[in-house]
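Note sheet for the following structure.
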Amino acid sequence: MQAFLRIAGLVVVLLLAGLTTAFADAAAQSKLASEKFDDIEAGVSALATSGDPQASAVIGALADGKLTYDPASKALYYQKGSDTFEGTSGAKVAAPPSGLKKVKVNNRIRRAIEAAQGALTLMAPDPAVRLAAANAVFKSRDEAALPAIDKALAAETDTAVKQAMERARAAVVFLSSTASAADRVSAANLIASKGDQDTLGLLQSLPDDASQAVKDAAAAGVKSINETLMLWSGAQNLWFGLSLASVLLLAAIGLAITFGVMGVINMAHGEMVMLGAYTTFVVQELIRSFAPGLFDYSMLVAIPLAFLVAGAVGVLIERTIIRWLYGRPLETLLATWGVSLVLQQAVRTLFGPTNQDVGAPSFMTGSFALGGLDITWNRLWIVVFAGLVFAALLLLLRFTRFGLQMRAVTQNRRMASAMGIRTNWVDAFTFGLGSGIAGLAGVALSQIDNVSPNLGTGYIIDSFLVVVFGGVGNLWGTLVGALTLGVANKLLEPFAGAVLGKIALLVLVILFIQKRPRGLFALKGRAVET
């Protein structure tokens, strides 16, 4: 008999608890059926912490503008597609009442909705969902979410998610007028440890009625974050400088070869870069048309083809024009400038004057965070690609017969000819090699710049600056020159602007060349020194 009474009592307690919860849920939902924004905000906050299984659906419908109510009964209804559902039970309604009114939403209600949605997903099984919920609460800073955060923190096992929840709780406590000064100071210190722009904005939004201790903690946090952000900003500029340096290296390394070995001022070098970019465009168009599933491999196909196309055009230019103008630098300058105009017009005729769409493979899209740095995958791959091209060129010059002959011609052309080296063919293949590397630069530039007939024009002057500054014909000098000018350019931009920064850099290079006309690393050899 006693056991029966215990069971009966437990059933009564559970029924009463269920009825109490149901009444609480219904009361929370009824607050939404109001014309007053204060009532709607209170209803959203109450529903988020009520445990109502329909809370997520109702608040989601409110966020999407699909929540309505019956003015007579105060019952809520929401839409999913073309169907209507009752808010309390979630049951599908065949014939909704007439005269339904839409629940009003303003900016304050939207903030409450964001906080409520964050609170509702704090206990989700997926850690990524819980992390996003904690970040949502951090941004909304709704005090009504504190019970849900405390409950989620007690059960959280993932370290990263737990840290995000602790910061979200600290953000709420920091702005709470009911929290103690000690709790708010502790919250300010915890918030400052995140050290990003959102945290800085939060610490700077402290109300004037806060105690002096809280204000001092916030000011110390702002100072610390500003120092951290300044360091990360400098590191980001260094990364931008390294990225620019890799582009300059690719664009200048071929010019360093032709200029150093042959003494030819090739004004059509930029057009070799352009040909490489357009080769990439043609390859991608063919793959899109005949094998779209292979698009991610388009760059692997374009790299050797761009080298061959630009290299072949370079050999053709050398055999038909340049070979007759050796020892006449002014004539080679004018002739190659004319060739550049011809190539630009030919590309305009074939492809049109507008920019062409060159897509990025999946592995080159997006970005990732490294501390406070934002690094895009396409820039990172270009840095890696530039390093591989530079290393391959060094191996070619150091360990191949052609590289030995090219170095011999560079250092003493007449002696190399006397030793049986066919200097005219070394010149042709050297010009082709330099043009082919420029084509590789065009493949890389197609991922970060507009592919147009004028693509190479923007890099020819910078390429000459890199070559002359580093030392004509010296690959290591070209590398150092590209790194120096690329990093210096990006470090000057925040202070002087892009245009004035380039002008200042040009003046510095001119002054440097006045002191060291052969650049940082001058080539050595009898012919060179004479």
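- Taking CZ of Phe464 as the start and CG of Leu255 as the end, the distance is 4.5 Å to the nearest 0.5 Å.
- Ala444 and Ile382 make their closest contact through O-CD1, 3.4 Å (heavy atoms, listed as atom of the first residue, atom of the second, distance).
- The shortest side-chain heavy-atom distance between Leu396 and Leu433 falls under the 4.5 Å cut-off.
- Between the side chain of Thr400 and the backbone N or O of Gly403, at least one donor-acceptor pair lies under 3.5 Å.
- In the displayed structure, Tyr297 atom OH is contacted under 6.0 Å by at most 12 heavy atoms of other residues, nucleotides or ligands.
- Side chain of Ser298 to backbone of Ile287: no donor-acceptor contact under 3.5 angstrom is found.
- Under a 3.5 Å cut-off, the side chain of Asn489 and the backbone N or O of Leu485 do not form any donor-acceptor pair.
- Asp296 contributes a side-chain N or O that, together with a main-chain N or O of Ser362, makes up a donor-acceptor pair within less than 3.5 Å.
- Between Val443 and Ala306, the closest heavy-atom pair is CG2-CB, 3.3 Å.
- Arg169 is not listed as a side-chain neighbour of Phe174, based on a closest heavy-atom distance of 4.5 Å or more.
- The side-chain heavy atoms of Ser435 and Phe307, taken from C-beta on, include no pair separated by under 4.5 Å.
- Side-chain contact between Arg110 and Val105 is present, with heavy atoms from C-beta onward closer than 4.5 Å.
- Leu341 contributes atom CG, which lies 9.0 Å from atom CD of Gln345 (distance to the nearest 0.5 angstrom).
- Within the 3.5 Å criterion, the main-chain N or O of Gly359 finds a donor-acceptor partner in the side chain of Gln447.
- Ser176 places no side-chain N or O within 3.5 Å of a backbone atom of Val172 that could act as its donor or acceptor partner.
- A salt bridge links Glu156 to Arg130: at least one charged side-chain nitrogen sits closer than 4.0 Å to a carboxylate oxygen.
- For the residue pair His269 and Ala251, the shortest heavy atom distance occurs at NE2-O, 2.7 Å.
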Note to self: Checking Gln236 against Asp374 for the side-chain contact (heavy atoms from CB on, under 4.5 Å) test, could you report, in this order, the C-alpha distance in whole Å, the side-chain angles of both residues, the deciding distance, and whether it holds?
What the structure shows: CA-CA 7 Å; Gln236 187 75 59; Asp374 184 27; 4.1 Å; yes
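- Between atom CG of residue Leu286 and atom CD of residue Gln284 there is a gap of 10.5 Å, rounded to the nearest 0.5 Å.
- Applying the 6.0 Å contact sphere to NZ of Lys139 captures no more than 12 heavy atoms from other residues, nucleotides or ligands.
- You'll find the ring centres of Trp377 and Phe368 inside the 6.0 Å limit.
- Using a 4.5 Å heavy-atom threshold, the side chains of Tyr459 and Val247 count as touching.
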Next item on the list: Would you sort out whether Arg288 and Asp357 count as a side-chain contact (heavy atoms from CB on, under 4.5 Å), showing the intermediate values?
Entry: CA-CA 12 Å; Arg288 284 191 179 107; Asp357 177 28; 4.0 Å; yes
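- In this structure, the side chains of Ile257 and Leu475 come closer than 4.5 Å at one or more pairs of heavy atoms.
- Residues Thr430 and Val426 share a closest heavy-atom pair of OG1-O, 2.5 Å.
- Minimum interatomic distance between Leu505 and Ala488 (heavy atoms only, all atoms of both residues): CD1-CB, 3.7 Å.
- Expressed to the nearest 0.5 Å, how far CD1 of Ile322 lies from CD1 of Ile265 amounts to 10.5 Å.
- With rounding to the nearest 0.5 angstrom, the OG1 atom of Thr336 is 9.0 Å from the CD1 atom of Ile321.
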Checklist line | Working for side-chain hydrogen bond (donor to acceptor under 3.5 Å, both in side chains), residues Thr376 and Asn378 | finding: CA-CA 6 Å; Thr376 56; Asn378 59 352; 2.9 Å; yes
Check: What do the steps show when you test Met274 against Val347 for side-chain contact (heavy atoms from CB on, under 4.5 Å), and what is the final call?
Finding: CA-CA 9 Å; Met274 175 196 67; Val347 168; 3.4 Å; yes
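- Counting non-hydrogen atoms of other residues, nucleotides and ligands closer than 6.0 Å to CH2 of Trp232 gives a total above 12.
- Nearest heavy-atom pair, Ala188 versus Ala218, reported as atom, atom and distance to 0.1 Å: CB-N, 4.4 Å.
- Using bins of under 30°, 30° to 60° and over 60° for the plane-to-plane angle, the ring pair Phe402/Phe429 lands in the perpendicular bin.
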Checklist line | Residues Met406, Leu397; criterion side-chain contact (heavy atoms from CB on, under 4.5 Å); working and verdict | finding: CA-CA 8 Å; Met406 197 169 79; Leu397 296 180; 2.7 Å; yes
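- Judged purely by atom type and a 3.5 angstrom limit, Ser289 uses its side chain to pair as donor or acceptor with the backbone of Glu285.
- Distance alone, capped at 3.5 Å, places no donor-acceptor pair between the Asn454 side chain and the Thr457 backbone.
- Two residues are said to be in side-chain contact when any heavy atoms from C-beta on lie closer than 4.5 Å; Met364 and Leu380 fail this criterion.
- Within the 3.5 Å criterion, the main-chain N or O of Gly470 finds no donor-acceptor partner in the side chain of Trp476.
- Judged by distance alone, with hydrogens and angles left aside, the side-chain atoms of Ser224 form no donor-acceptor pair with the main-chain N or O of Ala220 at under 3.5 Å.
- Residues Lys162 and Met165 have side chains not in contact (no heavy-atom distance under 4.5 Å, counting atoms from C-beta outward).
- The OG atom of Ser463 sits 10.5 Å away from atom CG of Asn266, with the distance rounded to the nearest 0.5 Å.
- Applying the 6.0 Å contact sphere to CZ of Phe385 captures more than 12 heavy atoms from other residues, nucleotides or ligands.
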